[in-house]
Protein chains: 2
Amino acid sequence: MSHRENPRPGGRSARVQAAVHQSVRDILATMDRTDVTIPLIAQRANVTPSTIYRRWGDLQELLADVAAARLRPESEPPRIGTAREDLESWIEQYADEMASGVGRQMLRDILSSVDGTSVEKCRCYMQQQLTVLIARAEKSGEPFPDLEELMDHVISPIIYRILFDCTLGEDYVRELIAKVMQKLQG
Amino acid sequence: MSHRENPRPGGRSARVQAAVHQSVRDILATMDRTDVTIPLIAQRANVTPSTIYRRWGDLQELLADVAAARLRPESEPPRIGTAREDLESWIEQYADEMASGVGRQMLRDILSSVDGTSVEKCRCYMQQQLTVLIARAEKSGEPFPDLEELMDHVISPIIYRILFDCTLGEDYVRELIAKVMQKLQG
DNA sequence: TGCACAAAAGCAAATAATTTGCGTTAGTCG
DNA sequence: CGACTAACGCAAATTATTTGCTTTTGTGCA
C-alpha cells in the first residue's frame, strides 16, 4: 500500500483518493455508520467499487484511513498564555473532539483497522502537538511534564474513558493536568 | 437481543449460543482474523448462517460478544500476600493477557462493536476484580488507591499503550503501581 | 400427559457485496 | 515523442447477506 502514503500530488491516484475521502466524509455525515457500504461510497466518488477494494481492501481500512486523515492537525496548539494554559486549552479541545459522536467513531474506526498505519498516525499527530507544548515550556523555563507523563496520566485516562463509555466530568481534564503539575514539585 | 443476555440454561437457544461461541474460538485460534466469515462459523457450529445473522446481526457484533464472554473472570484475584502484592500480581496478569495477540484482538473486537454491551461488560468485569482487591486492603487496614485512581492511572495507561501499539517495558506495570502508591503518602 | 403457543431455527430464493481477469487510460521517464 | 507502468474501469464469477415462509423445540397450562 505504498501509494496510500505518498501519492504524487496532482496525479490521478491523488485525485481518486481525495474524491473517495470526500465521499466518505459526506456519507458519514448523513447516514448511520451501519449502512455505509463500499458500492455507495464508490458511486458518490465516481469511481468503481473495485478501485476501492483494490486500494483499501475493505470498509474498515478505508474508514480508518479517512479518520486518520481527519485527525491530522491543521496548526500548532494556539498560544494562550503560559505553557500550562496552552496545554489545558489544547487538551480540552482534544478531549471534546474525541468525545463527540464523530470523534468516538473515528477512534473506533482507527482502532479496529488491522493495518496499524492509522493508529500510528493518530498517536504521532498527538505526540507532535504535545512536543510543541513541551518545547515552549522549556524555552520559557516553566516546569513541565515530559511526553511520557502526559501520555500516561493525561491522554490515556481521557481516551480510555471515551472508549469505555465512562463520563468525563466538567473539570475532569483540568484536574488531570493539575495532578500531573503537582507531581513536578514533589 | 434479550435472548443473548439470559437464554434459559439448557434450552435450545443456549446450546446454539454455546456452539457458535465455541466455533468462533476454534476458528480464531486457527485462522487469520481477516478470513473468518459467518458462513464458516455457521458450518463449524452446525447451524445455518441465517441463525447467526438473526441473532447477532453481523460478524463484528458476534466477535465482540465472544470476546466479552472470554474476558469474564473465572475467579477472584489470587491471594499472594499484602493487598499491594495481590494488586501487582493481578494487574500484571491482566496486562499480559491484554497485550498478547489474542488479547489485543479481543479488545479491538469489543471496541469496534456498535452495540455497547460488550464494552460495558469488559469494564465491569475489570472493575469487579479491582473492587475485590480494594475491599481486601480495607479489611486489612492497608492504605490503598480507590477505584478511580486505579482506572485512571494504572489501567488506562496500560490499555492505551496496548491499543496504540506502544511497548510495555519490563517493569512498566510495577512502576505505575509504585507511583500510585506513593501518592497515598503525600 | 398432552395440547396450544411463542420463540428461535432451518431452508431456499432474492439481493447485495466482493473478487478477479482482462482491456484501457493517464502519468512518468528516458 | 514514444515506450513503460501503475492504477482504473468493466463485467463475469463468486461469496455473503437478507428475507419470507416452514418446521422444530421448549414452555406453560389444562
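Residue numbers begin at 1 in each chain, while the letters A, B, ... track the order of the sequences.
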Nearest-Å distance, [atom1] ([X]) to [atom2] ([N])?
| X | N | atom1 | atom2 | result |
| --- | --- | --- | --- | --- |
| A:Ile41 | C:dA16 | CD1 | P | 17 Å |
| B:Leu62 | D:dA16 | CG | P | 15 Å |
| B:Ile52 | D:dT18 | CD1 | P | 13 Å |
| B:Gln43 | D:dT15 | CD | C1' | 13 Å |
| B:Asp35 | D:dT15 | CG | C1' | 14 Å |
| A:Gln17 | D:dA7 | CD | C1' | 13 Å |
| B:Ile38 | D:dT18 | CD1 | C1' | 12 Å |
| A:Trp56 | D:dC8 | CH2 | C1' | 12 Å |

Give a yes/no on whether any side-chain N or O of B:Thr48 is located under 4.0 angstrom from OP1 or OP2 of C:dA9.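 No.
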So, does B:Thr51 get its side chain near the phosphate of C:dA9, meaning an N or O under 4.0 Å from OP1 or OP2?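 No.
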From CA spacing to verdict: side chain to side chain contact (heavy atoms under 4.5 Å, CB included), A:Ile155, A:Tyr94: CA-CA 9 Å; A:Ile155 301 287; A:Tyr94 187 77; 4.2 Å; yes
From B:Ile158 CD1 over to B:Ile91 CD1, what is the distance, rounded to the nearest 0.5 angstrom?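 Separation between the atoms: 5.5 Å.
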Answer yes if the side chains of B:Ser113 and B:Asp115 hold a donor-acceptor pair under 3.5 Å, and no otherwise.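 Short answer, no.
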Is it the case that A:Gln105 and A:Arg108 place a side-chain donor and acceptor less than 3.5 Å from each other?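 Side chains of A:Gln105 and A:Arg108: no pair found under 3.5 Å.
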Please work out if B:Asn46 contacts a base, only the sugar-phosphate, or nothing of the nucleic acid, heavy-atom cut-off 4.0 Å.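 Counting heavy atoms under 4.0 Å across all strands, the contact made by B:Asn46 is with sugar-phosphate only.
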Looking only at heavy atoms, what is the nearest atom pair of A:Pro157 and A:Tyr172, with distance?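 Of all heavy-atom pairs spanning A:Pro157 and A:Tyr172, the closest is CB-OH, 3.3 Å.
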How does protein reach along nucleotides 21-30 of chain C, written 5' to 3' as B (base within reach of a heavy atom under 4.0 Å), S (only sugar-phosphate), or - (no contact)? BB--BSSS--
Evaluation steps, salt bridge (charged side-chain N to carboxylate O under 4.0 Å, His left out), between B:Arg84 and B:Glu88: CA-CA 6 Å; B:Arg84 174 172 177 163; B:Glu88 284 177 345; 3.3 Å; yes
Salt-bridge contact A:Arg123-B:Asp165 (side-chain N to carboxylate O under 4.0 Å):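 Result for this pair is no, no salt bridge flagged.
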Is A:Asp109 close to A:Asp65 at the side-chain level, that is, under 4.5 Å between some pair of heavy atoms?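 In short, these two side chains do not touch, never coming nearer than 4.5 Å.
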Under a 4.5 Å cut-off applied to non-hydrogen side-chain atoms, are A:Met98 and A:Leu71 in contact?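 Side chain of A:Met98 against side chain of A:Leu71, heavy atoms only: contact under 4.5 Å found.
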Any N/O pairs under 3.5 Å between the protein and nucleotides 2-4 of chain C? List them or say none.
none

